[in-house]
Amino acid sequence: MRLLVSVISAEEARRALAGGADIIDVKDPGEGALGAPSPRILSAVVREVGAAAPVSVALGDLPNLPHTAALAARGAALSGADYVKVGLRGVRELEAAVALMRAVADAVTPTTAVIAAAYGDADALDPPALAPRWLPELVGHAGISGALVDTFVKDGRGLYGWLSDSELSDLIARTHRAGASFGVAGQLTLAQLCRAPADVVGVRSAVCRGGDRAADLDAELVAAAVAELRAGSGRAGLSAG
């Protein structure tokens, strides 16, 4: 289980690395749940991180425009991103989502991991977005690296206000059977980091001062999240044994 920490600047990337983050994720929370950063910020973070950790980038809460998504992914990959995350806000049907993600995958090299992100609150949005239950089929049909479930609305309820433990465990198991990885995010608290058997756990609000995703990222809070994740993984290993 790896900790992905979302940052908005090279300085925050430096703090996230100091705290022990496994993956540095670049986004702009001001542009949405998976708001895309500026090319300048992405390049600055890539330079700051170097070979210390993989860099992930959010491409935005995207409309159903495959060529737009593909061009954004190509630009991010050429800027040095190892992972590109696509927020599936503008699609609701599986067929459209597959076409969108195939276009993204075709735009990057095999060394760039493509991640499809659906929202736990998808059905509550107006208009609704692709439901998370379709993620395993999506990654299988599109041939991409992984899936992520997040929350679109940041109102404090968090991921577990929308999806149950059993629903998440089922999604993760089915995605693994499709040969892909699975990540969870969405205003997770420290106590929730190990609640689902995900491959990647993404945080921002939990590692920002005051739990505010718009506040400064704190290296000590990142270290606390890393410690919780390691301890939780250890407890899971003992239980399995």
Side-chain angles (χ1 to χ4, degrees), residues 3-9 12-13 16 21 23-39 41-42 45 54-66 68-77 79 81-92 96-97 100-101 103-105 107-108 112-125 127-132 134-135 138-139 142 144-155 157-159 162-163 171 181-188 198 200-208 213-214 217:
L3 184 72
L4 176 150
V5 175
S6 293
V7 306
I8 63 171
S9 66
E12 284 200 348
I23 301 170
I24 304 300
D25 177 60
V26 196
K27 65 167 30 170
D28 180 356
E31 290 209 350
L34 286 167
S38 72
I41 293 294
L42 173 58
V45 171
V55 173
S56 166
V57 63
L59 298 185
D61 305 307
L62 293 177
N64 186 19
L65 296 172
T68 298
L71 191 59
R74 174 72 64 88
S79 296
D82 301 291
Y83 297 82
V84 292
K85 298 188 307 181
V86 178
L88 296 171
R89 175 65 185 93
V91 295
R92 188 178 187 186
L100 183 70
M101 296 312 302
V104 169
V108 300
T112 304
V114 175
I115 308 297
Y119 301 104
D121 51 351
D123 288 339
L125 302 179
L130 183 81
W134 294 115
L135 284 172
L138 172 58
V139 298
I144 58 176
S145 300
L148 169 75
V149 64
D150 201 335
T151 55
F152 185 82
V153 178
K154 305 298 182 182
D155 60 2
R157 277 181 281 186
L159 182 63
W162 297 99
L163 293 176
L171 277 176
S181 65
F182 199 95
V184 294
Q187 294 190 304
L188 300 175
V200 176
V201 179
V203 293
R204 176 157 180 87
S205 57
V207 296
C208 288
R213 68 197 295 261
L217 184 142

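Just so we're clear, the structure is a prediction, and the values are computed from it rather than from any experiment.
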Next on the checklist: Please give me the minimum heavy-atom distance between Val91 and Ala96, naming the atom from each residue.
Outcome noted: CG1-CB, 4.1 Å

Next on the checklist: Among Leu88, Thr68, Leu65, exactly one meets side chain to side chain contact (heavy atoms under 4.5 Å, CB included) together with Leu100. Which residue is that?
Outcome noted: Leu88

Item to check | Closest approach of Ala118 to Pro132 (non-hydrogen atoms, all atoms of both residues) | outcome: CB-CA, 4.0 Å

Next on the checklist: Counting C-beta onward and ignoring hydrogens, is there a side-chain heavy-atom pair between Leu130 and Leu138 closer than 4.5 Å?
Outcome noted: yes

Checklist entry - Between Ala33 and Phe152, what is the shortest heavy-atom contact and its length? => result CB-O, 3.6 Å

Checklist entry - Are Pro29 and Ile8 close enough that some pair of their side-chain heavy atoms sits under 4.5 Å apart? => result yes

Item to check | Reported CZ-to-CG distance for the pair Arg92 and Asn64, which is rounded to 0.5 angstrom | outcome: 13.5 Å

Item to check | Shortest non-hydrogen contact from Ile144 toward Ala116 | outcome: CD1-CB, 3.7 Å

Checklist entry - What heavy-atom pair brings Arg204 and Val7 nearest, and what distance separates the two atoms? => result NH1-CA, 3.8 Å

Checklist entry - Which residue pairs pass the salt bridge (Lys or Arg N to Asp or Glu O under 4.0 Å) test with at least one member in residues 25-34, sequence neighbours excluded? => result Asp25-Lys85

Next on the checklist: For Asp61, give me all partners under side-chain hydrogen bond (donor to acceptor under 3.5 Å, both in side chains), at least two apart in sequence or on another chain.
Outcome noted: Tyr119

Item to check | CH2 (Trp162) with more than 12 external heavy atoms under 6.0 Å | outcome: yes

Checklist entry - Where do Lys154 and Asp150 come nearest, in terms of heavy atoms and distance? => result NZ-OD1, 2.8 Å

Checklist outcome for this item: To the nearest 0.5 Å, atom OG1 of Thr151 lies from atom CZ of Arg157 at 9.5 Å

Item to check | Pair Tyr83-Leu4, side chain to side chain contact (heavy atoms under 4.5 Å, CB included): steps then yes or no | outcome: CA-CA 11 Å; Tyr83 297 82; Leu4 176 150; over 6 Å; no

Next on the checklist: Checking Val55 against Leu42 for the side chain to side chain contact (heavy atoms under 4.5 Å, CB included) test, could you report, in this order, the C-alpha distance in whole Å, the side-chain angles of both residues, the deciding distance, and whether it holds?
Outcome noted: CA-CA 9 Å; Val55 173; Leu42 173 58; 4.3 Å; yes

Checklist entry - Do Glu12 and Val5 have side chains that get closer than 4.5 Å, going by heavy atoms? => result no

Next on the checklist: Between Val184 and Leu163, does the side chain to side chain contact (heavy atoms under 4.5 Å, CB included) criterion hold? Intermediate values first, please.
Outcome noted: CA-CA 11 Å; Val184 294; Leu163 293 176; over 6 Å; no

Checklist entry - To the nearest 0.5 Å, how far apart are CD1 in Ile115 and CG in Leu34? => result 11.5 Å

